[in-house]
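Right, one structure below, let's go through it.
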Amino acid sequence: MPMGLEAWLVTRLRDVRQVLDDPVRFSNAHDGLLRPAGASPRTEEAAAARAGNLLACDPPEHTRLRRMPAPAFSAGRMRAMLPAVRQIVEERLDALERSGPPADLMAELALPLPSLVLYELLGVPHADREELAQRAGLMLAEPAAGDRWLQMQARWRQYLAALVARARTDPGTGLLSTLVRQHGQEVTTEELVGMIDLVVLAGHETTAHMLGMAVCALLHHPDQLELLRARPHLIDTAVEELLRWLSIVNSGSAKVTTAEVEIGGRRIGPGRLVICSLPAANRDPQLVADPDRLDITRGAPGHLAFGHGVHYCLGAPLARMELRVVIPALLERFPGLRATAGPDFGNRHAVYGLRSLPVTW
Ligand code: HEM
């Protein structure tokens with residue numbers, strides 16, 4: 001591991017499912033093991049960073065926290081958000097059209113769209129949204145946990161704490177106010193800020209890079225692009241296959257074994273670090289035949305691009321809805337869309353993605 005630690009990497013579909021199905025023996029509630037060897041524990045800082053973070057706890061604590069934001073991602077809530085998402089998509093397509101051709105699809109569409117959708121979900125005041133989206137884009141360009149990133153992150157958490165404080169006295173609409181109204185007595189401001197921070201962190205970068213990479217994959221597979229243009233109703237299976245084939249979240253969060261376990265015939269002792277490779281599992285021939293081929297008609301049921309088990313992506317319904325709206329709208333608005341240069345792969349954060357995607361039409 002980069003920090004000098006040793007870990008087990010689990011790659012087969014069956015074994016990855018076994019790990020993710022068992023939060024008792026493969027725990028997310030750890031921090032000590034992820035410190036570089038020899039570094040002293042920063043308990044207060046670590047505790048503040050973990051408060052309310054679903055990915056840093058196990059059941060029953062995880063179950064208690066997750067049921068609070070979960071209703072915001074129900075099918076009914078997604079239907080209610082659809083018109084707003086369509087409008088945000090149209091506005092970003094206008095911005096892309098104004099800025100080119102040629103234009104950078106990442107800067108004009110993929111990076112701002114998910115954060116603007118998240119602000120709608122949370123109920124962030126309209127006046128603040130454009131500036132916050134710009135700042136969120138800047139944050140993604142900074143190395144994670146670098147000095148400037150940490151400063152921006154601290155400002156963002158202060159902003160969230162102020163929103164939570166305001167929602168406690170003057171509840172409005174959106175997830176933030178609902179959380180305060182329904183669970184304000186059970187959770188601290190720190191936990192609420194942590195929960196919302198994770199939703200935004202987990203929902204912005206992933207969806208942004210998934211959108212950029214999905215468009216990039218289609219532009220480089222003209223047969224699949226033409227198929228989707230000719231049969232737009234394939235969008236649902238296309239999105240699932242693109243999620244599987246790209247698997248932009250390379251590994252789920254690291255686990256620590258709480259007992260001796262056996263995976264794929266290997267014995268692993270307690271207290272060991274275990275990491276699941278989602279891309280490897282998603283290209284296991286046990287999942288789909290000819291897994292390296294991109295086939296937008298197959299839908300890839302059971303893929304692990306959103307994880308599996310108790311930590312299965314909370315925002316999957318929102319990400320799916322965004323991708324199902326934006327990809328057809330983009331192809332319809334720009335019938336001659338094509339890449340002008342090779343994709344600039346790379347990302348300074350947790351997912352595999354693109355720094356820019358130059359396109360023309
Ligand atoms: C295409 C976009 C997305 C992908 C590929 C993705 C992928 C994932 C994966 C693989 C996990 C599991 C991580 C693990 O087990 O360690 C996860 C968890 C999570 N995701 Fe997503 N995600 C996406 C979009 C979103 C969105 C839009 C939101 C929120 C609005 C979101 C919120 C979360 C949260 C809160 C968790 C933690 C769930 C828990 O621990 O119970 N994600 N996501």
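All values below come from the heavy atoms of this structure, side chains included, with hydrogens, waters and symmetry mates left out. Whatever order the structure lists them in is the order used to number ligands and atoms, beginning at 1.
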Using a 4.0 Å cutoff against the non-hydrogen atoms of Gly252, which atoms of ligand 1 qualify?
14 (C), 16 (O)
How far is atom 40 (O) of ligand 1 from its nearest protein heavy atom, and which residue and atom is that?
His311 ND1, 2.7 Å
Ignoring hydrogens and geometry, is there a side-chain-to-backbone donor-acceptor pair from Arg12 to Asp284 under 3.5 Å?
no
Cut-off under 2.8 Å, centre atom 21 (Fe) of ligand 1, protein N/O/S atoms:
Cys313 SG
Can a non-hydrogen atom of Val310 be found less than 4.0 Å from any atom of ligand 1?
yes
Taking heavy atoms and a distance under 4.0 Å, where does Ala305 meet ligand 1: side chain, backbone, both or neither?
backbone
Per-residue contact class, Leu278 against ligand 1 - non-hydrogen pairs under 4.0 Å
side chain
If we ignore hydrogens and angles and just use 3.5 Å, is the side chain of Ser247 paired with the main-chain N or O of Ala305 as donor and acceptor?
no
Basic-acidic side-chain contact under 4.0 Å: Arg244, Glu240:
no
Atoms in ligand 1 with a heavy atom of Met210 nearer than 4.0 Å:
1 (C)
One should read off an interatomic distance between Ile275 CD1 and Trp8 CH2, to the nearest 0.5 angstrom, of 13.0 Å
Taking the six-membered ring of Trp245 as reference, does the NZ or CZ atom of Arg293 fall below 6.0 Å from its centre and within a 45° cone about the axis?
no
Can Glu322 and Arg92 be said to form a salt bridge (Lys or Arg N to Asp or Glu O under 4.0 Å), step by step?
CA-CA 13 Å; Glu322 279 181 65; Arg92 291 324 306 173; over 6 Å; no
Strictly by ring-ring contact (aromatic ring centres under 6.0 Å, His included), give each pair with a member in residues 275-311 just once, sequence neighbours left out.
His62-His311
Below 4.0 angstrom from a heavy atom of His62, which ligand 1 atoms are there? Numbered from 1 as shown, please.
39 (C), 40 (O), 41 (O)
In terms of residue, atom name and distance, what is the protein heavy atom nearest to atom 13 (C) of ligand 1?
Leu55 CD2, 3.9 Å
Between the side chain of Arg229 and the main-chain N/O of Pro335, is any donor-acceptor distance below 3.5 Å?
yes
Under 4.0 Å from one or more heavy atoms of Ser253, ligand 1 contributes atoms 14 (C), 16 (O)
Side chains of Arg231 and Thr297, donor plus acceptor under 3.5 Å
no
Val249 versus Pro279, closest heavy-atom pair with distance:
O-CD, 3.9 Å
Can a salt bridge be assigned to the pair Arg355 and Asp104 using a cut-off of 4.0 Å between side-chain N and carboxylate O?
no
Residue, atom and distance of the protein heavy atom nearest atom 30 (C) of ligand 1 read Leu118 CD2, 3.3 Å
Thr207 heavy atoms, cut-off 4.0 Å: which ligand 1 atoms fall inside?
2 (C), 24 (C), 27 (C)
Which of the atoms in ligand 1, numbered in the order shown and given with their element, are less than 4.0 Å from a heavy-atom of Arg66?
38 (C), 39 (C), 41 (O)
Does ligand 1 have an atom under 4.0 Å from some heavy atom of His308?
no
Regarding Glu91 and Gln87, is there a side-chain donor-to-acceptor distance under 3.5 Å anywhere?
yes
